[in-house]
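Okay, so here's the structure we're looking at.
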Amino acid sequence: MNQVIQSSHVNQYNILDGGQLLKWVDTCACLSAERLAGYPCVTVSVDDLHFENEVKLGQVLNLKAQVNRAFTTSMEVGVKVSFESLTTQEIKPVCDAFITFVALDNNGKKVKLPPFLCQKPDEKTCFALANERRKVRITHANTVKQLIADYEINFKKDYFLIKNESTQLVESVELVLPPHANHHGNTFGGQVMAWMENVASISAGRLCHGLATLRSVDMVYFRGPSTVGDRIVLTSIVNNSFETSLEVGVRVEAYRYENGKIGERRHINSAFLSYDITSSGVKQLPPFLPEPKDGMRRQKEAAARRKIRLDRRYILSLQRNDRLSVAWSRTNAMYLCYGNITALSRIAGKSDWTVAASTTSVTLCTREQDGVLSFCVTLKPQTELCASDVFDVLKNPFKRVEWDPLTLSCDEVKRIGDEDGIYHTVMKSQTSEVPNDFVLLVSDRRPATDSDPYKVAFRSVTHDRVPQTTGFSRTEVACAGFVIRQDCGTCTEISYYNETNPKLVSYVTCDLAGLGNTENQNLIFCSKISTTCGIFLTLF
Ligand SMILES: CC(C)(COP(=O)(O)OP(=O)(O)OC[C@H]1O[C@@H](n2cnc3c(N)ncnc32)[C@H](O)[C@@H]1OP(=O)(O)O)[C@@H](O)C(=O)NCCC(=O)NCCS
């Protein structure tokens, strides 16, 4: 979908209106969802959105939508939004959105979706990651609730009231008309979001006495439908303000007239939108004093959500960061586990690996991009193996001492649900007498469908319980892990991936001399790996 930004789409600073953008994102995604389903689709949820760049009058907005995965009745659609300047030919990203839709038949019943087959390597990665995001989505509400319960905010005595918070309370009513809905009369999710952004921007503007810019929208879940003829009541209020940003909460309810009376009010959804005040001309917002009770609850919850947002952005932008470890905390748990599997799936989904050396059953491949050297060792056992048995061994960090000659010990630091945990692992160093120690987040995932592989991902984290000590040399891993594929029947392929960062390249190329130039060196590395693989295979 391509849209020239015209004067009816922009605010008084000639910047694209956030509500209009949300509407286009939802429409474009809906077209893609309906193409797969062959039925009208409704928006179930929109994942956290973060807007990177503003789009101005006269520029062209490009939206590319694609179904990433169909589950049973729901599907995830990814939308990549960018803009191009016609004068400078510059193209910049605006946001990546993930939207879940459900297809409904003529009677409003959910439809079982046809299987979705992906062809290209990139699509396969999106397919695998869609399952991870689905987990985050379905547990999102509970996770946030739990984190908010744990989170403490220090109310300072010298906070002063900028203005009574009720002055930022906005209530607005909209009537759902046919242009706001699909041909079955269901209101478009993007339309509801555009109305939400309208009231939220008024609340934000009242606080900063100017126009605030929409920066992000937290995950939105549409609890129930609304249809043509419904009255939509939108209520927004500022929950908390920070130095140069603020959070607005919006509640959406719907009702209609039934037999001459006002019908019951249905809660459709609630959303949290964050605004940046820099374009309003205000340099800094004064501290925010909430009203007692409910206002204090909302302020506390907004502070917790902000922490989650910041953690998430940090984790998702970590891939090329010099610091490899991320500090573990309950607030970033959800995204750390997601980021761990995402990083492994991305690297495993790349098609531009170069074979560096191989023996009968082991292949060593390397890949270099943006100064990052990655390697992959693939084992094709000559014997018949069951992928789930291999997975059971590889996902168990304690078992590693039995097959990896370098691993000396492993202790559990923290268990996080059934599929993730933090472990302290000690390994022999190949270059020094002092052993290396790692604090690793280990995430294991079984395939959701037959075409998915099994995965065990590792990344370094820091945890208070395992500080650095002099007896060990603390070593870090940005992304590593095993991918186990069962190709046909009992034919199992095991790949180990490791992405090093620029600082580690020389260590890795030395330590794993097989990455050197001569064929001979490569074979030495391969034979080392073969020995380890051999020990591993004796377990079966
Ligand atoms: C979508 C809707 C029909 C689902 O109703 P339901 O029968 O209670 O839902 P279910 O619990 O069976 O879930 C349906 C699917 O949504 C998925 N789902 C549930 N909660 C989800 C969430 N928070 N995020 C993403 N997907 C979710 C479920 O996993 C299921 O998918 P699957 O069949 O592929 O496993 C209903 O919630 C609805 O009408 N919502 C409003 C939709 C709408 O009108 N949107 C436009 C804006 S007004």
Side-chain angles (χ1 to χ4, degrees), residues 19 22-31 33-34 36-37 39-49 67-79 97-116 127 129-145 173-197 217-234 250-256 265-272 334 338 448-449 452:
L22 292 170
K23 224 155 70 172
W24 281 333
V25 169
D26 179 68
T27 309
C28 186
C30 188
L31 291 176
E34 291 187 351
L36 178 82
Y39 285 92
C41 292
V42 290
T43 317
V44 182
S45 73
V46 181
D47 286 8
D48 296 356
L49 287 171
V67 174
N68 290 333
R69 187 159 185 162
F71 301 101
T72 312
T73 63
S74 66
M75 69 196 112
E76 180 195 279
V77 181
V79 189
F98 296 103
I99 310 189
T100 306
F101 288 89
V102 164
L104 301 177
D105 66 14
N106 288 345
N107 302 316
K109 291 252 169 338
K110 289 175 288 183
V111 175
K112 190 167 183 313
L113 294 168
F116 171 67
F127 181 85
L129 293 180
N131 204 41
E132 282 303 302
R133 284 188 289 267
R134 181 176 192 243
K135 271 167 63 178
V136 172
R137 232 166 258 148
I138 288 172
T139 55
H140 178 79
N142 275 343
T143 316
V144 174
K145 225 185 264 173
V173 186
E174 301 282 351
L175 171 63
V176 182
L177 296 170
H180 302 137
N182 66 15
H183 53 283
H184 282 294
N186 290 315
T187 319
F188 290 118
Q191 178 61 64
V192 175
M193 289 180 74
W195 283 330
M196 281 174 357
E197 204 279 326
V217 183
D218 279 16
M219 193 175 288
V220 179
Y221 171 58
F222 291 97
R223 304 153 58 107
S226 71
T227 47
V228 172
D230 275 348
R231 271 69 176 163
I232 305 284
V233 183
L234 302 116
V250 187
R251 185 180 166 92
V252 184
E253 292 175 326
Y255 70 89
R256 56 173 51 235
R265 270 201 191 198
R266 289 133 34 217
H267 181 197
I268 303 263
N269 72 298
S270 294
F272 304 101
M334 193 170 60
Y338 168 60
T449 67
D452 261 357

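Every number for a ligand or one of its atoms is a count from 1 in the order of the listing.
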Q) Of all residues at least two apart in sequence or in a different chain, which pass the salt bridge (Lys or Arg N to Asp or Glu O under 4.0 Å) check with E174? A) none
Q) Taking atom OG1 of T72 and atom CG of L113, what is their separation to the nearest 0.5 Å? A) 8.0 Å
Q. Can you list the residues that meet the salt bridge (Lys or Arg N to Asp or Glu O under 4.0 Å) rule with E76, with sequence neighbours excluded?
A. R133, R137
Q. Does D48 reach the main-chain N or O of M219 with its side chain, forming a donor-acceptor pair under 3.5 Å?
A. yes
Q.
Applying side chain to side chain donor-acceptor pair (under 3.5 Å), can you list everything that pairs with D26, at least two apart in sequence or on another chain?
A. T43
Q: Taking N182 for its side chain and H184 for its backbone only, find out whether a donor-acceptor pair lies under 3.5 Å.
A: yes
Name each N or O atom in ligand 1 that is under 3.5 Å from a protein N or O, and give the partner atom and the distance.
residue, atom, partner, partner atom, Å
ligand 1, 7 (O), K110, NZ, 2.7
ligand 1, 12 (O), K110, NZ, 2.5
ligand 1, 24 (N), S45, OG, 3.1
ligand 1, 29 (O), R134, NH2, 3.4
ligand 1, 31 (O), S74, OG, 2.9
ligand 1, 33 (O), T73, N, 2.9
ligand 1, 33 (O), T73, OG1, 2.5
ligand 1, 34 (O), T72, N, 2.8
ligand 1, 34 (O), T73, N, 2.9
ligand 1, 34 (O), S74, N, 2.9
ligand 1, 34 (O), S74, OG, 2.8
ligand 1, 35 (O), R134, NH2, 2.6
ligand 1, 37 (O), R223, O, 3.4
ligand 1, 40 (N), F222, O, 3.2
ligand 1, 45 (N), T43, O, 2.8

